[in-house]
Asker: 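Sharing a structure, written as C-alpha coordinates. Questions coming.
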Amino acid sequence: MVKYERKILQISKIKEIDMKTLIVTGGSLDISWAKDFVRTINAEYIIAADSGLKYIDELGLVPDMILGDYDSVEDGLLDKYKSIDIKTYPKEKDYTDTHIAIINALKAGASVIYILGATGTRMDHTFTNICNMKAALDSGVPCFICDSHNKIYLINDKMGEVKVSKTGQYGDYVSFVPLSEETIISLAGFKYVLDDYILNQGLSICQSNEIKENVAVINIKKGLVIVFETKD
(Lines give C-alpha, C1' and ligand atoms only; values in the text may rest on other atoms or scores of the structure.)
Protein backbone atom coordinates (compact mmCIF):
# COMPACT_ATOMS: atom_id res chain seq x y z
CA MET A 1 0.00 0.00 0.00
CA VAL A 2 2.69 2.51 0.96
CA LYS A 3 4.74 1.74 -2.14
CA TYR A 4 1.63 2.16 -4.28
CA GLU A 5 0.85 5.55 -2.79
CA ARG A 6 4.41 6.84 -3.12
CA LYS A 7 4.27 6.00 -6.79
CA ILE A 8 1.18 8.19 -7.15
CA LEU A 9 3.05 11.20 -5.80
CA GLN A 10 5.89 11.13 -8.32
CA ILE A 11 5.01 14.23 -10.29
CA SER A 12 6.18 14.43 -13.88
CA LYS A 13 4.09 16.24 -16.46
CA ILE A 14 3.13 14.07 -19.39
CA LYS A 15 1.74 16.96 -21.46
CA GLU A 16 3.91 20.03 -22.00
CA ILE A 17 1.01 22.39 -22.67
CA ASP A 18 -0.76 25.22 -20.88
CA MET A 19 -3.97 23.87 -19.47
CA LYS A 20 -6.45 25.52 -17.15
CA THR A 21 -7.71 22.70 -14.91
CA LEU A 22 -10.81 22.39 -12.75
CA ILE A 23 -11.06 19.88 -9.89
CA VAL A 24 -14.47 19.31 -8.32
CA THR A 25 -14.42 17.39 -5.06
CA GLY A 26 -17.00 16.31 -2.53
CA GLY A 27 -17.28 19.05 0.11
CA SER A 28 -19.97 21.74 0.10
CA LEU A 29 -20.78 23.58 -3.11
CA ASP A 30 -23.27 26.30 -4.02
CA ILE A 31 -24.36 25.03 -7.44
CA SER A 32 -25.92 28.34 -8.51
CA TRP A 33 -22.66 30.19 -7.81
CA ALA A 34 -20.57 27.37 -9.31
CA LYS A 35 -22.41 27.52 -12.64
CA ASP A 36 -21.31 31.13 -13.10
CA PHE A 37 -17.80 30.41 -11.84
CA VAL A 38 -17.09 27.53 -14.24
CA ARG A 39 -18.25 29.66 -17.16
CA THR A 40 -15.83 32.38 -16.07
CA ILE A 41 -12.74 30.17 -15.88
CA ASN A 42 -13.59 28.06 -18.96
CA ALA A 43 -11.38 25.11 -17.95
CA GLU A 44 -9.75 22.96 -20.63
CA TYR A 45 -9.43 19.91 -18.35
CA ILE A 46 -11.87 18.73 -15.66
CA ILE A 47 -11.31 16.19 -12.89
CA ALA A 48 -14.10 14.77 -10.73
CA ALA A 49 -12.77 13.63 -7.37
CA ASP A 50 -15.00 10.92 -5.88
CA SER A 51 -18.36 12.41 -4.77
CA GLY A 52 -17.46 15.59 -6.65
CA LEU A 53 -18.88 13.64 -9.59
CA LYS A 54 -22.36 14.46 -8.26
CA TYR A 55 -21.59 18.18 -8.55
CA ILE A 56 -20.08 17.67 -12.00
CA ASP A 57 -23.34 16.04 -13.04
CA GLU A 58 -25.46 18.84 -11.57
CA LEU A 59 -23.31 21.44 -13.33
CA GLY A 60 -23.75 19.68 -16.65
CA LEU A 61 -19.99 19.28 -17.14
CA VAL A 62 -18.22 16.41 -18.84
CA PRO A 63 -15.10 15.36 -16.88
CA ASP A 64 -11.88 14.31 -18.56
CA MET A 65 -10.94 12.16 -15.57
CA ILE A 66 -12.83 10.62 -12.66
CA LEU A 67 -10.93 9.31 -9.64
CA GLY A 68 -11.49 8.13 -6.11
CA ASP A 69 -12.58 5.15 -4.06
CA TYR A 70 -16.25 5.95 -4.82
CA ASP A 71 -17.40 5.12 -1.30
CA SER A 72 -19.73 8.13 -1.38
CA VAL A 73 -20.83 8.06 -5.04
CA GLU A 74 -24.47 7.18 -5.71
CA ASP A 75 -25.16 3.82 -7.36
CA GLY A 76 -25.46 4.18 -11.10
CA LEU A 77 -23.86 7.63 -11.39
CA LEU A 78 -20.46 6.21 -12.28
CA ASP A 79 -22.03 4.09 -15.03
CA LYS A 80 -23.25 7.28 -16.70
CA TYR A 81 -19.63 8.24 -17.33
CA LYS A 82 -18.16 4.81 -18.12
CA SER A 83 -16.54 6.14 -21.32
CA ILE A 84 -14.46 8.62 -19.28
CA ASP A 85 -10.95 7.93 -17.94
CA ILE A 86 -11.81 6.39 -14.56
CA LYS A 87 -9.13 5.74 -11.94
CA THR A 88 -10.02 3.66 -8.89
CA TYR A 89 -8.10 3.82 -5.62
CA PRO A 90 -8.54 1.81 -2.42
CA LYS A 91 -10.68 3.31 0.34
CA GLU A 92 -7.90 2.85 2.88
CA LYS A 93 -5.03 4.90 1.46
CA ASP A 94 -2.40 7.41 2.52
CA TYR A 95 -3.75 10.37 0.54
CA THR A 96 -7.18 11.92 0.10
CA ASP A 97 -9.02 11.89 -3.22
CA THR A 98 -8.53 15.67 -3.53
CA HIS A 99 -4.78 15.33 -2.99
CA ILE A 100 -4.60 12.61 -5.64
CA ALA A 101 -6.63 14.83 -7.99
CA ILE A 102 -4.09 17.64 -7.60
CA ILE A 103 -1.25 15.22 -8.39
CA ASN A 104 -3.07 13.93 -11.47
CA ALA A 105 -3.77 17.49 -12.62
CA LEU A 106 -0.05 18.26 -12.42
CA LYS A 107 0.81 15.07 -14.28
CA ALA A 108 -1.67 16.01 -17.02
CA GLY A 109 0.08 19.35 -17.55
CA ALA A 110 -2.07 21.82 -15.61
CA SER A 111 -0.90 25.43 -15.88
CA VAL A 112 -3.37 26.63 -13.23
CA ILE A 113 -5.71 24.65 -10.98
CA TYR A 114 -9.07 25.70 -9.53
CA ILE A 115 -10.68 23.48 -6.90
CA LEU A 116 -14.39 23.56 -6.05
CA GLY A 117 -16.07 21.59 -3.28
CA ALA A 118 -12.95 21.65 -1.11
CA THR A 119 -14.54 23.55 1.79
CA GLY A 120 -17.50 22.65 3.98
CA THR A 121 -18.56 21.35 7.36
CA ARG A 122 -15.54 19.07 7.82
CA MET A 123 -12.83 21.53 8.85
CA ASP A 124 -10.22 18.77 8.93
CA HIS A 125 -10.88 18.12 5.24
CA THR A 126 -10.90 21.84 4.46
CA PHE A 127 -7.57 22.50 6.15
CA THR A 128 -5.97 19.40 4.65
CA ASN A 129 -7.16 20.46 1.18
CA ILE A 130 -5.57 23.87 1.71
CA CYS A 131 -2.27 22.28 2.73
CA ASN A 132 -2.42 19.85 -0.21
CA MET A 133 -2.13 22.83 -2.57
CA LYS A 134 1.57 22.87 -1.65
CA ALA A 135 2.08 20.08 -4.19
CA ALA A 136 1.07 22.54 -6.91
CA LEU A 137 3.07 25.38 -5.33
CA ASP A 138 6.21 23.23 -5.28
CA SER A 139 5.66 22.49 -8.98
CA GLY A 140 5.30 26.17 -9.84
CA VAL A 141 1.60 25.84 -10.72
CA PRO A 142 -0.90 28.37 -9.28
CA CYS A 143 -3.67 26.61 -7.37
CA PHE A 144 -6.82 28.10 -5.86
CA ILE A 145 -9.61 26.74 -3.67
CA CYS A 146 -12.76 28.74 -4.38
CA ASP A 147 -16.27 28.86 -3.01
CA SER A 148 -18.99 31.51 -2.94
CA HIS A 149 -17.23 33.39 -0.12
CA ASN A 150 -13.53 32.53 -0.35
CA LYS A 151 -10.55 32.31 -2.66
CA ILE A 152 -7.70 30.52 -0.91
CA TYR A 153 -4.12 30.00 -2.08
CA LEU A 154 -0.55 29.59 -0.84
CA ILE A 155 2.43 31.95 -1.18
CA ASN A 156 6.02 31.20 -0.23
CA ASP A 157 9.40 32.93 -0.19
CA LYS A 158 10.29 31.76 -3.70
CA MET A 159 7.58 33.78 -5.45
CA GLY A 160 8.85 37.35 -5.00
CA GLU A 161 6.22 40.08 -5.21
CA VAL A 162 2.62 38.88 -5.62
CA LYS A 163 0.21 41.58 -6.78
CA VAL A 164 -3.55 41.74 -6.16
CA SER A 165 -5.58 44.48 -7.83
CA LYS A 166 -8.39 46.16 -5.94
CA THR A 167 -10.78 45.59 -8.84
CA GLY A 168 -9.70 41.98 -9.26
CA GLN A 169 -9.73 40.88 -5.63
CA TYR A 170 -12.22 38.16 -4.75
CA GLY A 171 -13.85 39.86 -1.77
CA ASP A 172 -13.54 42.73 0.66
CA TYR A 173 -10.86 41.26 2.93
CA VAL A 174 -7.45 39.65 2.62
CA SER A 175 -6.06 37.58 5.49
CA PHE A 176 -2.72 35.83 5.93
CA VAL A 177 -2.14 32.76 8.10
CA PRO A 178 1.43 31.45 8.48
CA LEU A 179 2.13 27.79 7.90
CA SER A 180 5.76 28.20 8.88
CA GLU A 181 6.86 28.62 12.48
CA GLU A 182 8.36 31.97 11.49
CA THR A 183 7.34 33.99 8.44
CA ILE A 184 8.71 37.33 7.28
CA ILE A 185 6.07 39.29 5.40
CA SER A 186 5.86 42.71 3.72
CA LEU A 187 2.56 44.26 2.64
CA ALA A 188 2.11 47.41 0.53
CA GLY A 189 -1.07 49.00 -0.80
CA PHE A 190 -3.13 47.62 2.06
CA LYS A 191 -4.94 49.47 4.86
CA TYR A 192 -2.42 47.93 7.25
CA VAL A 193 1.08 47.82 5.76
CA LEU A 194 3.99 45.75 7.02
CA ASP A 195 7.71 45.91 6.31
CA ASP A 196 9.64 42.69 6.90
CA TYR A 197 7.35 41.82 9.79
CA ILE A 198 8.10 38.60 11.63
CA LEU A 199 4.78 36.77 11.67
CA ASN A 200 4.96 33.89 14.11
CA GLN A 201 2.37 31.13 14.21
CA GLY A 202 -0.47 31.94 16.56
CA LEU A 203 -0.56 35.68 15.82
CA SER A 204 -3.72 37.26 14.33
CA ILE A 205 -2.29 40.60 13.20
CA CYS A 206 -2.80 39.67 9.53
CA GLN A 207 -6.51 38.95 9.83
CA SER A 208 -9.05 40.95 7.74
CA ASN A 209 -6.77 43.42 5.98
CA GLU A 210 -8.15 45.56 3.14
CA ILE A 211 -6.74 46.71 -0.18
CA LYS A 212 -6.59 50.53 -0.37
CA GLU A 213 -4.44 51.23 -3.45
CA ASN A 214 -5.20 50.17 -7.02
CA VAL A 215 -2.71 47.32 -6.60
CA ALA A 216 -1.57 45.70 -3.37
CA VAL A 217 1.75 43.88 -3.12
CA ILE A 218 2.50 40.82 -0.97
CA ASN A 219 6.09 39.75 -0.46
CA ILE A 220 6.95 36.72 1.65
CA LYS A 221 10.66 37.01 2.49
CA LYS A 222 10.70 33.82 4.55
CA GLY A 223 8.26 30.97 5.06
CA LEU A 224 4.88 29.89 3.74
CA VAL A 225 1.46 31.52 4.22
CA ILE A 226 -2.16 30.84 3.39
CA VAL A 227 -3.87 33.77 1.69
CA PHE A 228 -7.63 34.17 2.11
CA GLU A 229 -9.48 36.61 -0.14
CA THR A 230 -12.90 36.64 1.49
CA LYS A 231 -16.34 38.21 1.52
CA ASP A 232 -19.22 37.89 4.00
Side-chain angles (χ1 to χ4, degrees), residues 5 8-9 11 20-30 33-34 37-38 41 43 47-52 55 67-68 72 93-106 110-159 162 164 169-185 187 199-209 218-220 222-232:
E5 292 302 330
I8 292 170
L9 294 180
I11 304 170
K20 193 180 297 180
T21 300
L22 172 67
I23 295 172
V24 182
T25 190
S28 299
L29 187 63
D30 181 334
W33 166 85
F37 183 84
V38 297
I41 64 169
I47 299 176
D50 205 73
S51 57
Y55 294 136
L67 58 82
S72 52
K93 54 188 182 295
D94 295 336
Y95 302 97
T96 65
D97 295 318
T98 306
H99 194 179
I100 295 171
I102 294 171
I103 299 305
N104 277 278
L106 295 170
S111 58
V112 58
I113 300 170
Y114 296 93
I115 309 175
L116 305 186
T119 57
T121 56
R122 285 285 302 271
M123 289 307 299
D124 54 342
H125 278 301
T126 298
F127 188 71
T128 296
N129 290 336
I130 292 170
C131 293
N132 287 162
M133 288 193 291
K134 190 172 183 296
L137 181 72
D138 291 343
S139 296
V141 175
C143 186
F144 306 94
I145 288 175
C146 300
D147 62 28
S148 56
H149 293 275
N150 306 279
K151 178 181 180 181
I152 309 166
Y153 50 99
L154 303 178
I155 295 179
N156 65 13
D157 49 19
K158 297 179 177 63
M159 298 178 65
V162 175
V164 183
Q169 71 177 116
Y170 196 77
D172 301 320
Y173 305 103
V174 185
S175 298
F176 306 90
V177 177
L179 283 179
S180 304
E181 186 174 351
E182 180 182 276
T183 298
I184 299 177
I185 183 172
L187 300 174
L199 179 63
N200 293 314
Q201 286 181 328
L203 294 180
S204 56
I205 190 172
C206 285
Q207 182 76 21
S208 300
N209 210 334
I218 308 161
N219 197 339
I220 305 302
K222 177 183 178 182
L224 173 66
V225 301
I226 312 170
V227 183
F228 296 87
E229 295 183 31
T230 61
K231 51 191 171 185
D232 291 325

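The figures here come from the full heavy-atom set of this structure, side chains too, leaving out hydrogens, waters and symmetry mates. Please read all numbers here as calculations on a predicted model, not as lab measurements.
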Asker: How close do Leu199 and Cys206 get, counting heavy atoms only, and between which atoms?
Answerer: CD2-SG, 3.9 Å
Asker: Which heavy-atom pair separates Ala49 from Asp97 by the least distance, and what is that distance?
Answerer: CB-O, 4.1 Å
Asker: Applying side chain to side chain contact (heavy atoms under 4.5 Å, CB included), can you list everything that pairs with Asn132, at least two apart in sequence or on another chain?
Answerer: Thr96, His99, Ile102, Thr128, Asn129
Asker: Decide yes or no for Ile130 and Ile145: does some side-chain heavy atom of the first lie under 4.5 Å from some side-chain heavy atom of the second?
Answerer: yes
Asker: Side chain to side chain contact (heavy atoms under 4.5 Å, CB included) with Ser148: which residues, sequence neighbours excluded?
Answerer: Asp30, Trp33
Asker: Assess the residue pair Leu137 and Asn156 against the criterion (side chain to side chain contact (heavy atoms under 4.5 Å, CB included)); give the C-alpha distance rounded to whole Å, side-chain angles, the decisive distance to 0.1 Å, and a yes or no.
Answerer: CA-CA 8 Å; Leu137 181 72; Asn156 65 13; 3.4 Å; yes
Asker: Do you know the tightest heavy-atom contact between Ala48 and Gly52?
Answerer: CB-C, 4.5 Å
Asker: Quick one: list whatever passes side chain to side chain donor-acceptor pair (under 3.5 Å) with Thr183, sequence neighbours left out.
Answerer: none
Asker: Which residues pass the side chain to side chain contact (heavy atoms under 4.5 Å, CB included) test with Ile41, sequence neighbours left out?
Answerer: Lys20, Leu22, Phe37, Ala43, Tyr114
Asker: Restricting to non-hydrogen atoms, name the atom on Thr25 and the atom on Tyr55 that form the minimum distance, rounded to 0.1 Å.
Answerer: O-CD1, 3.5 Å
Asker: Say you draw a straight line from CD1 of Ile23 to CD1 of Ile115; how long is it, rounded to the nearest 0.5 Å?
Answerer: 4.5 Å
Asker: Give every residue pair that meets the salt bridge (Lys or Arg N to Asp or Glu O under 4.0 Å) criterion with at least one member in residues 131-141, sequence neighbours excluded.
Answerer: Lys134-Asp138
Asker: Any side-chain heavy atom of Ser175 within less than 4.5 Å of one from Asn209?
Answerer: no
Asker: If you take all heavy atoms of Leu179 and Leu154, which pair is closest and at what distance?
Answerer: CD1-CD2, 4.0 Å
Asker: Excluding sequence neighbours, so at least two apart, what forms side chain to side chain contact (heavy atoms under 4.5 Å, CB included) with Gln201?
Answerer: Pro178, Glu181
Asker: What are the two closest non-hydrogen atoms of Leu67 and Ala101, and how far apart are they?
Answerer: CD2-CA, 3.8 Å
Asker: Compile the donor-acceptor pairs under 3.5 Å between side chains in residues 222-232 and protein atoms, sequence neighbours left out, one pair per line.
Answerer:
from, atom 1, to, atom 2, distance (Å)
Lys222, NZ, Glu182, OE2, 2.9
Glu229, OE1, Tyr170, N, 2.8
Glu229, OE2, Tyr153, OH, 2.6

Asker: Quick one: does Ile155's side chain get under 4.5 Å of Ile218's, heavy atoms only?
Answerer: yes
Asker: State which residues pass side chain to side chain donor-acceptor pair (under 3.5 Å) with Asp147; sequence neighbours excluded, sorted by chain then number.
Answerer: Thr119, Asn150
Asker: Answer yes or no: is there a donor N or O on one side and an acceptor on the other, between the side chain of Thr21 and the main chain of Ala110, under 3.5 Å?
Answerer: no
Asker: Show your working on side chain to side chain contact (heavy atoms under 4.5 Å, CB included) between Ile113 and Leu106 and close with a plain yes or no.
Answerer: CA-CA 9 Å; Ile113 300 170; Leu106 295 170; 4.0 Å; yes
Asker: The criterion is ring pair (Phe, Tyr, Trp, His ring centres under 6.0 Å); which residues satisfy it with Phe176, sequence neighbours excluded?
Answerer: Phe190
Asker: Under the salt bridge (Lys or Arg N to Asp or Glu O under 4.0 Å) rule, what pairs show up with a residue in residues 110-126, not counting sequence neighbours?
Answerer: Arg122-Asp124
Asker: Can you list everything that forms a salt bridge (Lys or Arg N to Asp or Glu O under 4.0 Å) with Asp50? Sequence neighbours excluded, please.
Answerer: none
Asker: Using a 4.5 Å cut-off on heavy atoms from C-beta on, say whether the side chain of Met159 contacts that of Ile220.
Answerer: no
Asker: If you round to the nearest 0.5 Å, how far is OG of Ser28 from CG of Leu116?
Answerer: 12.5 Å
